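Chain A is the first sequence line, chain B the second, and so forth, proteins listed ahead of strands; every chain is numbered from 1. Predicted model only: the values in this text are computed from it and were never measured.
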Amino acid sequence: AQSVAQPEDQVNVAEGNPLTVKCTYSVSGNPYLFWYVQYPNRGLQFLLKYITGDNLVKGSYGFEAEFNKSQTSFHLKKPSALVSDSALYFCAVGGVGGGNKLTFGTGTQLKVEL
Amino acid sequence: DGGITQSPKYLFRKEGQNVTLSCEQNLNHDAMYWYRQDPGQGLRLIYYSQIVNDFQKGDIAEGYSVSREKKESFPLTVTSAQKNPTAFYLCASSIDLSSRGTQYFGPGTRLLVL
């Protein structure tokens with residue numbers, strides 16, 4: 001079985017400061033890792049994914065994530081947070097061992113304050 | 001949200017009533033999915049379909065039914081057997097069923113019980 005953990009329900013950051021949203025995973029075989037963002041009463045928007053290759057993945061809106069195989073982590077980062085980044089962020093994992101389905105974390109609410 | 005439409009945005013269900021949520025995509029994707037989102041629980045997979053006239057149960061299929069008569073359409077029926085239907089329902093699609101592929105989400109339907 002595959003699983004995802006987002007250990008923080010909420011992350012608070014001041015605008016202009018760097019932000020990190022944490023994600024760890026468990027899956028058999030090679031992982032496929034995704035980050036999505038959700039604004040209130042909206043669907044999920046794709047930010048970035050790791051399939052293979054470079055461990056640092058760059059995505060939309062200045063976000064990036066680093067795949068760390070030894071720590072089974074895929075933390076989402078941004079060098080300088082904006083108030084408009086405030087939203088709910090989901091990490092997801094897939095893999096052949098998971099029957100080609102994605103498993104989503106419970107989400108982390110990011111709040112960026114002035 | 002582009003390319004996937006869901007209707008209605010809000011849906012009210014009376015006790016004992018079946019209701020159908022619409023999902024349409026114009027991305028020419030083969031695979032389509034239905035997820036249920038509850039606060040603090042992330043997304044849970046209800047049903048998914050790889051191809052027309054074929055669909056599979058996800059993790060929480062009880063009380064739900066689907067059909068896939070056309071490639072672009074994947075309606076979800078919430079039956080009276082679903083005792084706790086209040087949730088936010090999200091439809092998604094991807095090029096194929098591989099978990100390497102990015103899933104793209106619709107704007108969601110919020111189902112409320114009267």
Side-chain angles (χ1 to χ4, degrees), chain A residues 1-10 21 23-25 27-53 57 59-60 65 67 74 87-109, chain B residues 1-10 21 23-25 27 29-50 55-61 87-112:
Chain A
Q2 61 193 28
S3 64
V4 175
Q6 293 183 244
E8 300 157 317
D9 291 335
Q10 181 160 322
V21 183
C23 172
T24 58
Y25 66 90
V27 67
S28 299
N30 294 323
Y32 307 135
L33 296 156
F34 300 79
W35 275 103
Y36 287 86
V37 60
Q38 184 181 36
Y39 295 96
N41 294 311
R42 302 290 299 276
L44 273 65
Q45 294 179 29
F46 169 72
L47 282 178
L48 51 81
K49 70 179 180 182
Y50 171 84
I51 303 298
T52 187
V57 180
S60 306
F67 170 63
F74 190 57
L88 185 59
Y89 290 81
F90 288 98
C91 181
V93 67
V96 175
N100 287 319
K101 293 182 287 185
L102 286 186
T103 298
F104 286 82
T106 52
T108 298
Q109 186 70 48
Chain B
D1 298 348
I4 302 178
T5 58
Q6 291 186 242
S7 62
K9 187 172 183 178
Y10 295 95
L21 285 62
C23 176
E24 304 273 337
Q25 54 99 358
L27 301 170
H29 286 170
D30 283 325
M32 296 187 74
Y33 313 80
W34 274 106
Y35 292 91
R36 170 178 171 143
Q37 184 180 12
D38 296 280
Q41 293 193 44
L43 277 67
R44 292 182 289 169
L45 183 64
I46 304 172
Y47 268 98
Y48 59 102
S49 169
Q50 183 176 5
F55 46 82
Q56 307 295 328
K57 292 182 179 180
D59 300 319
I60 56 164
F88 192 50
Y89 291 85
L90 290 161
C91 178
S93 71
S94 60
I95 290 176
D96 57 32
L97 201 58
S98 166
S99 58
R100 295 166 60 102
T102 301
Q103 293 185 20
Y104 295 93
F105 286 79
T109 293
R110 188 166 297 280
L111 177 60
L112 300 165

Next item on the list: Return the option, out of A:N41, A:V4, A:D9, with the maximum number of heavy-atom pairs under 4.5 Å with chain B.
Entry: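 If we count pairs closer than 4.5 Å to chain B, A:N41 comes out on top.
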Heavy-atom contact with chain A under 4.5 Å, split by part of [X]:
X     : value
B:L90 : side chain
B:Q6  : neither
B:D59 : side chain

Side chain to side chain, [X] and [Y], heavy atoms closer than 4.5 Å:
X     : Y     : result
B:L43 : A:L44 : yes
A:L47 : A:Y89 : yes
A:V93 : A:F74 : no

Name the region of [X], side chain, backbone, both or neither, that has any atom closer than 4.5 Å to a heavy atom of chain B.
X      : value
A:Y50  : neither
A:Q109 : neither
A:L88  : side chain

Margin query: For A:Q2 versus A:T103, what's the shortest heavy-atom pair and its separation?
Written below: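 Shortest heavy-atom separation between A:Q2 and A:T103 comes out as NE2-OG1, 3.0 Å.
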Notebook entry, point to check: Hey, what's the ring geometry for B:Y48 with B:Y33, parallel, tilted or perpendicular (30° and 60° as the breaks)?
Noted result: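 Rings of B:Y48 and B:Y33: parallel, as their planes differ by under 30°.
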Next item on the list: First locate atom CG of B:L27, then atom CE of B:M32, and finally report the distance between them rounded to the nearest 0.5 Å.
Entry: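 Here the rounded value is 9.0 Å.
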